[in-house]
Amino acid sequence: MEDGKLTVRAVERALDIMLCFTGASELTLTEISTRVELHKSTVHRLLASLEGKGFIMRDGSTDKYRLGYRLWELSANLSKEGDPGIILLPEMERLRDQLGETISLYVQDGLGRVRIQAVQSNHAIRRVAPVGARMPLYVGASSKVLVAFAEPAVQEQLLASADWPAVLDQAAYLQQLQDTRHAGFATSVEEREPGAAAVSAPILDRGGRLVAALAVSGPANRLTLELMQEQAPLIMEAARRMGTMLG
């Protein structure tokens, strides 16, 4: 049993190292060690194993590590069938061309949300939305949508979570969720990121189940609250149309 626990722990630590690269393309041994909170010698051994299997690469000139090509081999075998990020991309591009701002698609993942697809704005000054970025579920227009239209258990888990910021008023948050359900969309202005604004609507499949949150985001001085409220019907209609494309 003890050997099994050690094996599982090693796997978990190796996966934690891999996850360090969700927010960085290259990292030093020290940076990885700090992020995963493990001793350098332990991290070095795990990196050597990952490098041996092709999941991690080390640049000999800089001594920095990055993700290896073996991940591309695995990703090539991911099923595209039923993937909303692939199916809805043309509609997202159409909405971007209509509104001019960055369009994103978010899904709930535990007590966070992940951007699974994005179409960047053509404006010179724009909000860049990297695919794969993970954000908290308690703040932002898309988070409100994902919680407001999710099963009640999601809301309960979020409010009871240790990750819930003590400075956020739960009663006010619950009112925001109620307003979101009533309006069919949510807005945010500089809630998560200074200078940024977003408006989001739920994408429900033909069975009425929440699939994702469709979001339009941009600089707050251009994407004002008044403009977002004016554009909300267009975004909700786009989300409704996208929902009919899903099972």
Side-chain angles (χ1 to χ4, degrees), residues 22 75-109 112-135 137 140-151 154 177 179-189 191-193 196-220 222-247:
T22 56
S75 65
N77 292 318
L78 286 173
S79 173
K80 301 297 188 294
E81 184 177 353
D83 183 348
I86 301 298
I87 296 172
L88 303 179
L89 182 57
E91 288 294 325
M92 294 175 66
E93 292 174 337
R94 187 173 293 111
L95 186 62
R96 185 274 313 275
D97 294 341
Q98 184 179 15
L99 301 181
E101 300 293 353
T102 296
I103 311 298
S104 298
L105 204 63
Y106 293 96
V107 296
Q108 176 203 343
D109 182 32
R113 60 181 164 108
V114 177
R115 184 184 293 114
I116 63 170
Q117 187 60 279
V119 180
Q120 309 297 340
S121 166
N122 291 326
H123 286 292
I125 298 176
R126 60 187 177 184
R127 183 170 181 270
V128 177
V131 173
R134 183 181 179 88
M135 284 149 269
L137 198 57
S142 294
S143 290
K144 295 173 195 174
V145 164
L146 290 172
V147 178
F149 289 89
E151 296 293 328
V154 174
L177 295 183
D179 293 343
T180 297
R181 285 192 297 269
H182 178 73
F185 71 95
T187 60
S188 64
V189 179
E191 287 187 10
R192 190 186 63 83
E193 183 181 343
V199 54
S200 179
I203 297 177
L204 308 176
D205 66 16
R206 282 175 283 185
R209 295 177 293 270
L210 177 67
V211 176
L214 174 68
V216 178
S217 61
R222 189 169 67 224
L223 197 58
T224 63
L225 182 59
E226 293 75 18
L227 180 59
M228 287 191 290
Q229 291 173 336
E230 179 182 320
Q231 293 179 342
L234 296 174
I235 298 165
M236 288 190 289
E237 172 57 24
R240 184 203 64 76
R241 190 166 58 249
M242 291 179 185
T244 64
M245 301 170 63
L246 304 173

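Worth saying up front: this structure is predicted, and the values here are computed from it rather than measured.
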How close do [X] and [Y] get, heavy atom to heavy atom, and via which atoms?
X	Y	result
Pro202	Gly184	CD-O, 3.3 Å
Gly85	Leu89	O-CB, 3.7 Å
Thr244	Arg206	O-NE, 3.6 Å
Ser104	Ala118	OG-CB, 4.1 Å
Ala212	Val107	CB-CG1, 4.0 Å
Met236	Ala183	SD-O, 3.6 Å

Please check if the number of heavy atoms outside Gln98 that lie under 6.0 Å from its CD is greater than 12. yes
Nearest 0.5 Å, please: how far is [atom2] in [Y] from [atom1] in [X]?
X	Y	atom1	atom2	result
Ser217	Glu193	OG	CD	8.5 Å
Thr224	Gln229	OG1	CD	8.5 Å
Met92	Asp97	CE	CG	12.0 Å
Arg115	Tyr106	CZ	OH	3.0 Å
Leu204	Leu210	CG	CG	6.0 Å
Asp83	Ile116	CG	CD1	6.0 Å

Do Asp205 side-chain atoms and Gly208 backbone N/O form a donor-acceptor pair below 3.5 Å? yes
Donor-acceptor pair, distance only, cut-off 3.5 Å: does the side chain of Thr102 make one with the backbone of Gly218? no
Could you check Leu88 against Gln117 for side chain to side chain contact (heavy atoms under 4.5 Å, CB included), going step by step and ending with a plain yes or no? CA-CA 9 Å; Leu88 303 179; Gln117 187 60 279; over 6 Å; no
For the pair Arg240 and Glu237, find out whether any cationic side-chain nitrogen is under 4.0 Å from an anionic carboxylate oxygen. yes
Between Arg241 and Glu91, does any NZ, NE, NH1 or NH2 come within less than 4.0 Å of an OD or OE carboxylate oxygen? yes
When you compare the side chain of Arg181 with that of Leu177, does any pair of heavy atoms fall below 4.5 Å? yes
Within the structure provided, determine whether Val154 and Leu137 are in side-chain contact (heavy-atom separation under 4.5 Å). yes
Go through the steps for Leu95 and Val119 under the test side chain to side chain contact (heavy atoms under 4.5 Å, CB included), then give the verdict. CA-CA 9 Å; Leu95 186 62; Val119 180; over 6 Å; no
Could you list the donor-acceptor pairs under 3.5 angstrom formed by side chains in residues 142-150, with sequence neighbours left out?
{"from": "Ser142", "atom 1": "OG", "to": "Ser200", "atom 2": "OG", "distance (Å)": "3.4"}
{"from": "Ser143", "atom 1": "OG", "to": "Arg113", "atom 2": "NE", "distance (Å)": "2.5"}
{"from": "Ser143", "atom 1": "OG", "to": "Pro136", "atom 2": "O", "distance (Å)": "2.9"}
{"from": "Ser143", "atom 1": "OG", "to": "Val139", "atom 2": "O", "distance (Å)": "3.0"}
{"from": "Lys144", "atom 1": "NZ", "to": "Thr187", "atom 2": "O", "distance (Å)": "2.8"}
{"from": "Lys144", "atom 1": "NZ", "to": "Glu191", "atom 2": "OE2", "distance (Å)": "2.7"}

Which is it for Leu214 and Ile103 under the side chain to side chain contact (heavy atoms under 4.5 Å, CB included) test, yes or no, and what are the steps along the way? CA-CA 7 Å; Leu214 174 68; Ile103 311 298; 3.6 Å; yes
Identify the residue among Arg96, Gln120, His123 that makes a side-chain contact (heavy atoms from CB on, under 4.5 Å) with Glu101. His123
Pair Ile235, Val199 - check side chain to side chain contact (heavy atoms under 4.5 Å, CB included), show working. CA-CA 8 Å; Ile235 298 165; Val199 54; 3.3 Å; yes
